[in-house]
There are 2 protein chains.
Amino acid sequence: MSDILNTLLTNVLQSGSRETYALDVGLRLKAVRKLHNLSQRELAKRSGVTNSTISMIEKNSVSPSISSLKKVLSGIPMSLVEFFSMDVDESAVERVVYRANEMLDIGMGEISMKVVGKSRAKRDMAFMDEVYPSGADTGMEMLKHEGEEAGIVVEGRLELTVADQVYILETGDGYYFDSTQPHRFHNPFESDCRLISCTTPANF
Amino acid sequence: MSDILNTLLTNVLQSGSRETYALDVGLRLKAVRKLHNLSQRELAKRSGVTNSTISMIEKNSVSPSISSLKKVLSGIPMSLVEFFSMDVDESAVERVVYRANEMLDIGMGEISMKVVGKSRAKRDMAFMDEVYPSGADTGMEMLKHEGEEAGIVVEGRLELTVADQVYILETGDGYYFDSTQPHRFHNPFESDCRLISCTTPANF
DNA sequence: TAACAATGTCAGATATACTGAACACTTTGT
DNA sequence: ACAAAGTGTTCAGTATATCTGACATTGTTA
């Protein structure tokens with residue numbers, strides 16, 4: 001999020017004569033809009049407010065109501081949380097590629113869970129390459145944690161239980177659920193199962 | 001933040017006869033205020049607005065401006081991000097399993113991008129099963145958007161470019177980077193490449 | 001060059017949020 | 001029982017946000 005946004009933000013900061021305002025809504029909106037290559041009028045059309053409203057918000061000459069800011073962001077689209085949590089600081093040069101043989105395995109017992117990007121400072125997700133050998137099971141006491149998880153079976157089959165419901169996932173099938181619901185992974189089949197999955201947030 | 005807040009929120013939800021409002025600012029404020037054992041007047045005094053303002057906000061009879069909501073929250077104190085990221089557990093019954101043949105394909109041109117959980121109301125991530133046929137390319141003008149993305153190559157090989165750096169991903173290799181950095185996916189090899197990937201946030 | 005479309009800005013009119021002072025109700029203390 | 005202090009709500013007046021409809025500027029096309 002940082003590089004382009006940052007330059008844009010600093011540019012605007014330098015040029016504009018603006019009041020010192022801890023949370024510069026106008027600046028943020030302008031940055032977001034530019035990032036998505038939208039004009040004030042285009043964004044206005046998509047969001048259901050007028051272009052002048054957007055102009056005034058961006059110039060910090062008004063403090064928009066929640067409802068109108070929400071309207072405006074819906075044209076991006078972007079949530080209020082995302083909007084306010086945009087951070088303006090630099091991101092260091094991070095590693096990009098993680099080779100298959102050097103991923104950190106955080107699996108338990110027979111289950112292998114290799115994490116992509118484990119060394120990164122900031123991480124929103126835990127993206128993993130998991131292998132459930134025949135018979136593997138995350139256990140009867142179901143897992144629960146904040147966030148969401150999704151995955152796709154790329155080899156074999158898997159039994160997934162989410163809140164009373166038991167599903168059989170064939171090769172190629174995917175899943176997506178709230179991690180707050182009790183869940184369990186189990187491979188009762190003869191062949192091993194390989195699963196690419198992602199959970200958010202990164203630490204659970 | 002969730003457990004106590006949640007019960008409180010759901011209690012309020014059950015008791016109050018409220019309009020259906022996607023983002024119930026009033027409800028959230030009331031919950032937060034109660035959590036901190038403050039009266040409307042007390043919070044008003046601490047935050048520099050009047051008690052009637054708080055009353056009206058909580059009853060959703062107005063949609064507060066950013067500046068006044070920020071003022072109000074400063075009396076807690078709580079940031080806008082924290083405020084809006086409080087989740088009101090709907091506990092709706094959501095679909096969990098998405099079959100391989102029924103995933104929505106949002107790919108462009110020859111590139112196939114099948115999304116897991118596309119029908120979900122709330123989604124933090126876009127989890128996808130992508131296929132880059134031999135020669136496929138996301139184009140010379142590099143992609144940029146907020147968020148992060150990660151992936152693992154499960155078949156074939158792929159060329160990934162992130163901010164000047166070009167990487168060759170072998171089968172099994174993964175990647176993880178900030179989506180704000182210009183990036184490009186390209187398959188210059190003979191065999192097709194299949195990639196399981198995840199980007200956050202869901203809409204990019 | 002002229003005509004045209006697209007950009008961001010501004011001013012007057014209108015809609016909405018916010019204030020200040022009441023009101024009715026409940027709780028606490030004597 | 002009664003006051004006194006606390007609770008949330010309401011309403012007219014004021015402050016502010018938003019819309020409508022213009023304007024000036026830039027870039028594109030003929």
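The analysis underlying the following values was restricted to heavy atoms, covering all of them including side chains, and did not include hydrogens, waters or symmetry mates. A note on names: the letters A, B, ... follow the listed sequences, proteins ahead of strands, and every chain is numbered from 1.
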Determine, stepwise, if the pair B:F185 / B:C193 fulfils side-chain contact (heavy atoms from CB on, under 4.5 Å). CA-CA 11 Å; B:F185 295 90; B:C193 177; over 6 Å; no
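If you take OG on A:S63 and CE on A:M56, they are separated by 13.5 Å, rounding to the nearest 0.5 Å. Annotation: the span from A:E155 atom CD to A:L195 atom CG amounts to 11.0 Å, rounded to 0.5 Å. With rounding to the nearest 0.5 angstrom, the CD1 atom of A:I196 is 14.0 Å from the CE atom of B:M128.
In this structure, A:E58 and A:I54 have side chains that are in contact, with non-hydrogen atoms separated by less than 4.5 Å. By the 4.5 Å heavy-atom criterion applied to side chains, A:Y167 and A:T161 are not counted as neighbours. A 4.5 Å side-chain heavy-atom check between A:V154 and A:T171 finds every atom pair outside the cut-off. Looking at B:K70 and B:L80, their side chains come closer than 4.5 Å, going by heavy atoms from C-beta outward.
In this structure, CD1 of B:I66 is placed 10 Å from P of C:dC18, rounded to the nearest angstrom. A:L43 places its CG atom 10 Å from the P atom of C:dG8, with the value rounded to the nearest Å. Atom pair B:E58:CD and D:dG8:C1' shows a separation of 9 Å (rounding to whole Å applied). Going from atom NZ of B:K59 over to atom P of C:dC18 covers 16 Å, rounded to whole Å. Computed from coordinates, the B:I54 CD1 to C:dG20 P distance equals 13 Å when rounded to whole Å. The separation between A:K45 atom NZ and C:dA6 atom P is 8 Å, rounded to whole Å.
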Between protein and nucleotides 21-27 of chain D, map the contacts as a letter string: B base, S sugar-phosphate only, - none, heavy atoms under 4.0 Å, written 5' to 3'. -B-----
Once base and sugar-phosphate atoms are separated, protein heavy atoms under 4.0 Å mark nucleotides 13-18 of chain D, 5' to 3', with B, S and - as ----SB
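Side-chain N or O atoms of B:T53 include none that pairs as donor or acceptor with a backbone N or O of B:V49 at under 3.5 Å. Counting only distance, with no hydrogens or angles, the side chain of A:S47 and the backbone of A:L43 share a donor-acceptor pair below 3.5 Å.
Phosphate proximity of D:dG8 to B:K30: absent, as no side-chain N or O sits under 4.0 Å from OP1 or OP2. At C:dT9, one or more side-chain N or O atoms of A:Q40 fall inside 4.0 Å of OP1 or OP2 (strictly under the cut-off).
Inter-axis angle, ends of the helix from C:dT1-D:dA30 to C:dT30-D:dA1, five pairs per end, rounded to 10 degrees: 20°.
Side-chain atoms of A:S197 and A:E130 form a donor-acceptor pair, as typed in the model, at a separation below 3.5 Å.
Nucleic acid contact class of B:S39 (heavy atoms, under 4.0 Å, all strands): sugar-phosphate only.
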